[in-house]
*Asks:* 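Structure below; questions to follow.
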Amino acid sequence: TRDARFAREFKRRGKPVVSYYHGSDLRSRGYIPAVDKITDLRLTPEWDLAALDSRMHYQFLPVDMSRVTFASYDPNKTIRIGHAARNPLKGTKFIIEAVEKLRRTHDVELVLIKDMSYADALVAKRSCSLFVDQLTNEGGWGYGMSGVEALAMGIPVITNIPEQMKPLIGEHPFIEA
């Protein structure tokens, strides 16, 4: 709640308050002052949010491996390029343009993953030969959960790793765009 009644009650009972920031809430609205004032630990899996506030502690995105099945690859089939297109700030228009251009000379198809259940999204993602996470950093830096899931499936992932993130991430398995 914006008045922090839930967090204040935990604090009153002597419990620590942990705030976990994920997605665009902090980017678009900022901290809720009443909550921030009593927070003991601030966590995020978002690189740009970690850089925003020195009190923030970064945690890598967790993956429930029981929900992920390794993808098979057949070099003789159409190359399926996947992209989770729910957020246009990830550079979806550039991906669509690039795949349309590739289709002129290569056997490729675009798999846009959007407006479907999580279970269906995992099936669609698993059908891909390659996954493009994001090409711009307007809605966050680097990579997101879709990219991590694709990696867990054994699918190569292309994403934009901004310069300010490189010292933080170190060696990584992504293909940089």
Side-chain angles (χ1 to χ4, degrees), residues 20-28 43-52 57-177:
Y20 186 84
Y21 297 95
H22 181 70
S24 295
D25 56 342
L26 189 57
R27 286 182 206 105
S28 60
L43 301 172
T44 186
E46 306 275 357
W47 292 100
D48 63 317
L49 298 183
L52 186 67
H57 297 273
Y58 182 80
Q59 290 190 314
F60 288 98
L61 287 166
V63 176
D64 181 354
M65 294 300 288
S66 69
R67 299 181 97 173
V68 178
T69 305
F70 203 75
S72 62
Y73 175 70
D74 181 347
N76 299 313
K77 287 190 174 178
T78 299
I79 297 171
R80 293 174 51 87
I81 301 172
H83 174 64
R86 182 186 54 81
N87 183 346
L89 296 177
K90 291 184 174 200
T92 303
K93 68 180 181 181
F94 301 117
I95 296 164
I96 292 169
E97 289 171 12
V99 173
E100 286 301 318
K101 189 174 179 182
L102 281 170
R103 287 178 71 177
R104 295 180 202 144
T105 57
H106 295 77
D107 185 17
V108 299
E109 68 179 300
L110 181 60
V111 179
L112 286 179
I113 301 169
K114 68 184 265 186
D115 301 328
M116 61 180 71
S117 71
Y118 179 66
D120 289 344
L122 286 178
V123 170
K125 195 176 297 174
R126 192 175 312 108
S127 75
C128 296
S129 317
L130 180 67
F131 190 82
V132 182
D133 195 342
Q134 60 185 48
L135 299 180
T136 65
N137 292 296
E138 298 171 32
W141 291 356
Y143 61 89
M145 195 68 219
S146 284
V148 171
E149 287 173 343
L151 281 176
M153 293 175 180
I155 300 167
V157 175
I158 298 171
T159 196
N160 181 322
I161 305 291
E163 288 302 317
Q164 61 268 48
M165 186 177 153
K166 288 181 181 181
L168 303 171
I169 190 173
E171 189 175 344
H172 59 80
F174 299 103
I175 300 165
E176 290 187 50

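For the numbers below, each heavy atom of this structure counts, side chains included, while hydrogens, waters and symmetry mates do not.
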*Asks:* To the nearest 0.5 Å, tell me how far Ile155 CD1 sits from Phe70 CZ.
*Replies:*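 Between atom CD1 of Ile155 and atom CZ of Phe70 there are 8.5 Å.
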*Asks:* Applying side-chain contact (heavy atoms from CB on, under 4.5 Å) to Phe94 and Thr136, what does each step give before you reach the verdict?
*Replies:* CA-CA 9 Å; Phe94 301 117; Thr136 65; 3.8 Å; yes
*Asks:* When you compare the side chain of Val157 with that of Tyr143, does any pair of heavy atoms fall below 4.5 Å?
*Replies:*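 The answer is no; the side chains never approach within 4.5 Å.
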*Asks:* When the ring planes of Phe131 and His83 are compared, do they come out parallel, tilted or perpendicular, using 30° and 60° as the limits?
*Replies:*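 It falls in the tilted class, 30° to 60°.
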*Asks:* With rounding to the nearest 0.5 angstrom, report the OG1 to CE distance, Thr159 to Met165.
*Replies:*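 Separation between the atoms: 7.5 Å.
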*Asks:* Do Ile158 and Ile81 make a side-chain contact, defined as non-hydrogen atoms from C-beta onward lying under 4.5 Å apart?
*Replies:*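 The answer is no, as the side chains (C-beta and beyond) never meet within the 4.5 Å cut-off.
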*Asks:* Keeping the roles fixed (side chain from Asp133, backbone from Gly144), state whether a donor-acceptor pair exists under 3.5 Å.
*Replies:*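 Checked: pair present.
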*Asks:* Between Ser129 (side chain only) and Arg80 (backbone N and O only), is there a donor and an acceptor less than 3.5 Å apart?
*Replies:*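 Checked: pair present.
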*Asks:* Out of curiosity, Ser127 OG to Leu122 CG, how far, rounded to the nearest 0.5 Å?
*Replies:*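 That separation rounds to 11.0 Å.
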*Asks:* Could you walk me through whether Gln59 and Tyr20 pass the side-chain contact (heavy atoms from CB on, under 4.5 Å) test, one step at a time?
*Replies:* CA-CA 10 Å; Gln59 290 190 314; Tyr20 186 84; 3.8 Å; yes
*Asks:* Specify the closest pair of heavy atoms between Arg27 and Leu49, including all atoms of both residues, with the distance to one decimal.
*Replies:*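 Minimum heavy-atom contact is CG-CD2, 3.8 Å.
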*Asks:* Roughly how far, to the nearest 0.5 Å, is the CG atom of Leu102 from the CD1 atom of Ile95?
*Replies:*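 Rounded to the nearest 0.5 Å, the CD1-CG separation comes out at 12.0 Å.
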*Asks:* Taking all atoms of both residues into account, what is the closest heavy-atom pair of Leu112 and Ala85, and its distance?
*Replies:*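 Shortest heavy-atom separation between Leu112 and Ala85 comes out as CD2-CB, 3.8 Å.
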*Asks:* Heavy atoms only: give me the nearest Phe174-Ile161 pair and the separation to one decimal.
*Replies:*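 Closest approach of Phe174 to Ile161: CD1-CD1, 4.4 Å.
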*Asks:* Could you tell me the separation between the CD1 atom of Ile175 and the CG atom of Leu151, rounded to the nearest 0.5 Å?
*Replies:*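 Atom-to-atom, Ile175:CD1 and Leu151:CG are 9.0 Å apart.
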*Asks:* Is there a donor-acceptor pair under 3.5 Å between the side chain of Thr44 and the backbone N or O of Ala50?
*Replies:*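 Absent.
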*Asks:* Determine the minimum heavy-atom distance between His22 and Pro45, stating which atoms define it.
*Replies:*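 Residues His22 and Pro45, closest heavy atoms: ND1-CG, 3.0 Å.
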*Asks:* Quick one: closest heavy-atom pair of Met116 and Ala124, and the distance?
*Replies:*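 Result for this residue pair: SD-CB, 4.2 Å.
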*Asks:* Would you compute the distance between atom NZ of Lys93 and atom CG of Leu135 and round it to the nearest 0.5 angstrom?
*Replies:*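 Between Lys93 NZ and Leu135 CG, I get 11.5 Å after rounding to 0.5 Å.
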*Asks:* Does Lys114 NZ have over 12 foreign heavy atoms under 6.0 Å away?
*Replies:*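 Not buried by this count: 12 neighbours or fewer within 6.0 Å.
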*Asks:* Within the side chain of His106, is there an N or O that forms a donor-acceptor pair under 3.5 Å with the backbone of Val108?
*Replies:*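 Not confirmed, His106 side chain does not pair with Val108 backbone.
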*Asks:* So among Val148, Val68, Val63, Thr69, which one has a side-chain contact (heavy atoms from CB on, under 4.5 Å) with Met153?
*Replies:*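 In the set Val148, Val68, Val63, Thr69, the residue that makes a side-chain contact (heavy atoms from CB on, under 4.5 Å) with Met153 is Val68.
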*Asks:* Do Glu176 and Lys166 have side chains that approach each other closer than 4.5 Å (heavy atoms only, starting at C-beta)?
*Replies:*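 A side-chain contact under 4.5 Å exists here.
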*Asks:* Looking only at heavy atoms, which two atoms of Met65 and Ala152 are closest? And how far apart?
*Replies:*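 Heavy atoms only, the tightest pair is SD-CB, 3.7 Å.
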